[in-house]
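Quick notes on the structure that follows.
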Amino acid sequence: MPAAGWLAALDRKAQLRARAGLSRQLRPRPATDTAVDLAGNDYLGLARHPSVTAAAAQALSEYGLGATGSRLVRGSTDLHAALEADLAGWLGTEAALVYSSGYLANLGAVRALAQPRTVLISDAHNHASLVDGCRSAGAEIVVYPHCDLGAVTEALSSAAASGRPAVVITESVFSVDGDLAPLRELHTAARRHGALLLVDDAHALGVIGPAGAGGVAAAGLSGEPDVVVTATLSKALGGAGGVVAGPAVFIDHLVGTGRTFIYDTALPPAVVAGVRTALGLARAADDRRAELAARVRLLASLGASAAPAGGVVSLTAGSAQAAVDWAAACRERGVAVGCFRPPSTPDNQSRLRLTVNVGVPRADFEYALDVVAESRRG
Ligand SMILES: Cc1ncc(COP(=O)(O)O)c(C=O)c1O
């Protein structure tokens with residue numbers, strides 16, 4: 001292939017994506033963004049909370065910009081240890097390990113749970129990081145129809161019949177439609193077959209459960225020895241990073257063998273400090289959670305594609321182009337919404353994905369609600 005041939009091939013692919021309404025563009029976001037936020041994941045409005053930014057600024061001046069290495073090579077700060085203790089306490093697990101992103105936490109958790117003969121039983125709507133974790137684990141993968149308990153039980157029975165270990169992998173609150181997995185039933189089925197349950201609580205942590213402890217806590221499964229929880233620190237906690245929480249022996253195993261922990265520069269101390277302060281605020285934020293639930297009900301009244309359990313509501317669009325046009329019309333009137341098209345949707349159905357940020361003033365939120373309803377196309 002001539003030197004520029006590969007670029008011409010990429011260009012042709014970009015044209016095909018554009019024709020199908022699937023182009024993705026980076027849009028600038030100024031520091032003082034005036035758009036009403038129905039697109040982000042700052043559910044509790046903590047990303048700009050003065051106590052959170054002050055804690056981060058203090059640690060920034062003490063530790064500098066970055067962690068300067070992996071924790072095993074460079075040393076592990078008190079801040080990291082304190083955040084892990086707080087996370088384990090909140091989630092009700094023996095131990096927790098912080099990663100530099102939720103994506104890497106999921107990759108690390110799935111890979112660590114998979115032995116060569118393991119069957120990974122994964123929900124069809126699972127986030128790309130869980131999907132990539134399964135793919136990189138080198139184990140057999142069974143993808144079950146979304147929340148289909150019967151299909152999970154069948155896959156568990158078949159793994160047990162051949163004496164193979166199994167792990168059921170699900171999100172709690174799903175990232176695209178915002179609906180809730182039947183966690184208790186999944187756990188019962190997994191336990192009956194001697195399997196493990198891995199739950200990604202990314203969109204539930206801080207949002208549902210007692211003191212916002214997430215979907216696993218809401219289902220009464222905190223601290224169960226056959227449950228592993230992952231989450232990102234970038235949504236309700238307003239920062240960045242990820243966490244895996246579960247039995248102490250499993251967390252030790254991750255420290256000793258997990259490639260996405262060992263070979264990755266640690267989360268910057270300033271982010272750790274900010275997230276830790278956000279965690280304290282999130283635990284005490286029942287009033288914010290009540291407001292969030294009220295706003296979600298209003299968004300869902302526009303015709304949610306599934307019953308929302310957290311801060312995410314999806315509205316289906318007739319086509320990818322209809323979703324793009326709908327999102328653009330909202331943007332023109334100062335409302336930022338998520339525009340989800342394949343391959344970011346699990347069922348080839350394009351949607352507007354709307355999220356609640358309780359930091360947005362109520363009047364602005366209500367304005368945005370009207371704009372979304374009035375801008376609907378196709
Ligand atoms: C369900 C889910 N899991 C994991 C992640 C990845 O987390 P992070 O952005 O911290 O990498 C995301 C999105 O960001 C998510 O929506």
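Here the structure is a predicted model, which is why all the values come from computation and not from measurement. Start at 1 and go down the list; that is how both ligands and their atoms are numbered.
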No-hydrogen, no-angle side-chain donor-acceptor test under 3.5 Å, Thr316 and Arg351: no
Ligand 1 N/O within reach of Gly102 N/O, cut-off under 3.5 Å: yes
For ligand 1, the portion of Asn106 having any non-hydrogen atom under 4.0 Å away: side chain
Heavy atom of the protein closest to atom 5 (C) of ligand 1 (residue, atom name, distance): His127 CE1, 3.4 Å
Pair Arg117 + Glu140: basic N to acidic O under 4.0 Å: no
Salt bridge flag under 4.0 Å for residues Glu84 and Arg71: yes
Heavy atom of Gly241, distance to ligand 1 below 4.0 Å: yes
Check: Glu171 N/O within less than 3.5 Å of ligand 1 N/O: no
Pair Tyr103-Asp132, side-chain donor/acceptor within less than 3.5 Å: yes
Closest approach of any protein heavy atom to atom 16 (O) of ligand 1, naming residue and atom: His203 NE2, 2.7 Å
Residue, atom name and distance, where the atom is the protein heavy atom closest to atom 9 (O) of ligand 1: Ser234 OG, 3.9 Å
Distance-only polar pair, side chains of Ser157 and His193, donor-acceptor under 3.5 Å: yes
Donor on one side chain, acceptor on other, Asn126 and Asp200, under 3.5 Å: no
Protein heavy atom at shortest distance from atom 3 (N) of ligand 1: Asp200 OD2, 2.6 Å
N/O separation below 3.5 Å, Ser175 to ligand 1: no
Which residue and heavy atom of the protein sit nearest atom 14 (O) of ligand 1, plus the separation: Lys235 NZ, 2.9 Å
Top protein contact for atom 6 (C) of ligand 1, by heavy-atom distance: Tyr103 N, 3.5 Å
Aromatic contact, Phe174 with His127 (centres under 6.0 Å): no
Test item: side-chain donor near acceptor, His146 and Asp179, under 3.5 Å: yes
